[in-house]
Every structure is written in C-alpha cells, then in structure tokens.
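Written out below as structure tokens is the structure these notes cover.
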Amino acid sequence: MFKNLSWPFLSAAPAAVFFDLDDTLIDTAGQLVELALEDAADAMRRTGLRADRAELIDFLRSKAQAAQGGNYFVAAAEHFSQGCVDASLSFVANEARTAFFAADVPDLEPLPGCRHLLLQLGERGSSLFLITAGNPKTQRRKIDRLGFADTFHAIAYVNSLEGETKLPVFQRILDRFALDPSDCLCVGDRVVGEIRDANSLGIWTVRMSGGEFAAVEPSRPDEVPDFVVADLLELATLLGIDLEQGLGEP
Ligand SMILES: [Mg+2]
C-alpha cells in the first residue's frame with residue numbers, strides 16, 4: 001500500500017530518519033508482554049494457587065491476546081481455584097496484577113537487522129532520531145537495556161500518559177537542524193500516532209505492520225503511510241540497503 005510513486009530514498013539517503021521504538025525497533029508485543037505474564041503467573045503460584053506454570057501462562061496469554069478487556073487475572077484465579085487452598089481469589093488476582101505492572105524491563109535485543117540498518121544509515125549520512133511515546137521512565141529503561149544512548153543524534157520522550165504527541169517534537173527537530181521535511185523519513189507502527197503526525201508535516205512515512213496496534217487501520221487520508229513493510233529487512237530494501245550480511249551479527 002503506498003500513495004506516492006516518487007519515493008526518493010532508493011538512491012539518496014534521507015537527511016534524517018525519525019524512528020519509533022515499540023513494535024518498530026523492538027518486539028514489544030511479543031517480548032515484553034510475555035515476560036510480564038510470566039511474572040504474574042509466578043506471583044499467583046506464590047500465593048498458593050496450585051496451577052501448572054505453563055498451563056497458567058497459556059491461560060493468561062490467551063486472555064491477553066483476545067483483548068476483550070476485563071481483569072483476566074480474576075478469570076485465571078477462578079479457573080484454577082480448585083488448587084487454591086490458602087488464599088482468596090481476589091488476593092491471588094491482585095498479586096498477579098501487581099506483578100504484571102511491576103515487571104522489570106528485561107535484557108532487550110532489537111529486531112533482526114536493526115543495528116546493521118542503523119549503522120548503514122549513519123554511514124550514508126542520515127541523522128538518526130529516536131522518538132518514543134509512553135511512560136518516559138519505562139522508555140528510558142528500555143533504551144538503557146538496548147544500549148541505544150550513543151546510536152542516535154537525539155532521543156526524545158513523549159509522555160503519552162499526559163496526552164503529549166510527537167508532532168511538536170518532529171517540528172522542533174526540523175527547525176533545530178534546519179531539515180526540509182521532504183528529505184526526512186518517519187518509521188513507526190501507529191497510524192494514529194507518528195504516521196499521522198509526520199504526514200501532517202510533509203515527512204515521508206513507512207509503517208511497520210504487526211505489533212500491539214496492528215489492527216488499527218487508517219481512517220483518514222493523513223493516516224495513510226507512503227509504504228507499509230513487514231519488517232526491517234523490507235525497510236532496508238526500500239532504502240537500497242542490503243541487510244542479509246548483517247543478520248548474523250549481534
Ligand atoms: Mg510503536
């Protein structure tokens with residue numbers, strides 16, 4: 001899906017690339033949610049719930065993936081309650097919920113090809129910016145774990161919990177570095193987020209499909225990205241970069 005055939009970046013590197021983090025450079029939906037569910041399952045079993053660990057995690061995962069809302073820790077406590085001998089169901093569920101939201105950010109590795117792609121872009125002269133939305137404290141921890149601090153020209157934290165958007169950050173970077181938006185590229189997964197914000201400024205946009213917000217499709221013309229790619233390899237191909245040789249590297 002694309003809206004413009006005059007794509008300029010096959011032959012010339014973008015002056016700047018604005019990367020999103022979650023579900024763009026790292027597998028947030030897969031890697032982080034799964035670990036938080038494991039922490040929740042362990043907390044439930046510590047209360048005395050005699051559930052098989054793997055079965056309990058499977059149960060929680062299926063409820064989380066269904067994304068039907070509700071407190072699936074209560075559902076899990078009820079489902080496995082025959083084995084619950086010394087704890088009330090609400091206590092079990094609360095312990096699980098607390099553990100889920102307190103889950104630490106684990107050692108993270110970016111998606112395949114990420115480091116090689118960033119290196120290649122830097123060598124071709126692109127300025128690289130990381131603009132990430134969420135809880136800034138959590139996002140800082142992820143970036144620390146990834147060792148990304150020296151990889152980007154600048155990293156910006158957008159506190160989406162307080163309603164901030166990426167739009168003013170894009171504008172500030174364009175102004176500060178005297179960048180022409182038509183020489184710049186934004187890569188992200190959220191059409192109602194960085195894709196719309198970047199489109200509104202005339203920045204080229206590539207959407208990474210998949211992730212937590214994969215089901216959210218553009219509902220307005222300014223939410224339609226110039227390209228949709230399945231992974232960073234496809235992005236590299238769009239940028240005239242061969243990533244295959246870098247895939248075996250850490
Ligand atoms: Mg994202």
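For ligands, and for the atoms within them, numbers begin at 1 and follow the listed sequence. Just so it is clear, the model here is predicted, and its values are computed rather than measured.
Looking only at N/O/S atoms, D189 comes nearest to the Mg ion (ligand 1) through OD1. As for D22, its N/O/S atom nearest the Mg ion (ligand 1) is the one called O.
Distance check for D20 against the Mg ion (ligand 1): an N/O/S atom falls below 2.8 Å. Coordination check, E194 versus the Mg ion (ligand 1): failed, since every N/O/S atom of the residue sits at 2.8 Å or beyond.
One hydrophobic cluster, built from ILVMFWY side chains closer than 4.5 Å, cannot hold both L130 and F18; they sit in different ones.
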Practice task
Under the side-chain contact (heavy atoms from CB on, under 4.5 Å) rule, what do I143 and R140 come out as? Steps first, then yes or no, please.
Solution key: CA-CA 5 Å; I143 286 162; R140 266 196 191 87; 5.8 Å; no

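Taking a cutoff of 4.0 Å between a charged side-chain nitrogen and a carboxylate oxygen, R190 and D22 do not qualify as a salt bridge. D226 and R207 are not joined by a salt bridge, as no carboxylate oxygen comes within less than 4.0 angstrom of a charged side-chain nitrogen.
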